[in-house]
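Sequential numbering from 1 along the given sequence is applied to the chain's residues. Heavy-atom basis, side chains included; hydrogens, waters and symmetry copies ignored.
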Amino acid sequence: MAYETTDQLIDLLSHHWYKRHDGNLYKLLDVYNSHFEYLSDNGEKVERWRAIQNAEGTTLDLFGKDIETYRPTKDDPPYRFLIYLKVLLSRAQGTIPSIVHITSTALGTDKGIKIWHLAEPRHVGIMLPWDYINDDYIQRFLVNNLQHMLALGYWLDVIVFYASTQKQNYLGVISNSYQEDTYTTNAI
């Protein structure tokens, strides 16, 4: 929206002139002002799209090119999410709370994410909940980038994907209970 619309400009004129939308004076001011409104609208669009969360299409591709993340799908939301994760990775401090924060942001939950030190010094393992890894490219992204989040001198030896399901067991005639089954798969 322009700083001054055609209606605001026409109101500045004397009441002597015919100011309705079908008049020649209004049409003349509208032709004059329409280019300014177009420039103003595009300027606001550029200003909004400077933020990654609002960028679309080619503008989002330019953000991705700057941080070397390439589009896995044609859709903007997953690509915007990968760009956001890459920005978080660039700010990783190498500490365990930093790794948990970035991984929980990537998965959308902090449940089931655990990092532990192994027997050897400076070696760690990480457990991720498989239930929250909903896309194949998120899984590949995490596996490829978890090592880069660690501080220099630390090594990621194992990634464990943790999956749980509830199954219903009937005990006796009246009561029932739930049991949790756990399956782990080691990666790396």
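For the pair Val160 and Leu128, the minimum side-chain heavy-atom distance is 4.5 Å or more. At least one side-chain heavy atom of Ile10 sits under 4.5 Å from a side-chain heavy atom of Leu25.
Residues satisfying the side-chain hydrogen bond (donor to acceptor under 3.5 Å, both in side chains) test with Tyr84, not counting sequence neighbours, are none. With sequence neighbours excluded, the residues satisfying side-chain contact (heavy atoms from CB on, under 4.5 Å) with Ile67 are Thr69, Ile83, Lys86, Val87. Here Tyr32 pairs with Phe36 under the ring-ring contact (aromatic ring centres under 6.0 Å, His included) rule; sequence neighbours left out. With sequence neighbours excluded, the residues satisfying side-chain contact (heavy atoms from CB on, under 4.5 Å) with Lys111 are Thr109, Tyr132.
Gly112 and Pro129 get closest at one heavy-atom pair: O-CD, 3.8 Å.
A salt bridge (Lys or Arg N to Asp or Glu O under 4.0 Å) check over residues 71-80, counting only residues at least two apart or in different chains, returns the pairs Asp61-Arg71, Arg71-Asp76. Screening residues 20-31 for side chain to side chain donor-acceptor pair (under 3.5 Å) gives Thr6-Asp30, Asp7-Tyr26, Tyr18-Asp22, His21-Tyr26 as the qualifying pairs, with residues at least two apart or on separate chains.
Side-chain heavy atoms closer than 4.5 Å link hydrophobic residues (I, L, V, M, F, W, Y) into clusters, and following such links, possibly through other members, connects Leu118 to Met127.
Within the model, atoms CZ of Phe161 and CD1 of Ile126 stand 9.0 Å from one another, a figure rounded to the nearest 0.5 Å.
Although no hydrogens or angles enter the test, the distance criterion places no donor-acceptor pair under 3.5 Å between the side chain of Thr59 and the main chain of Ala55.
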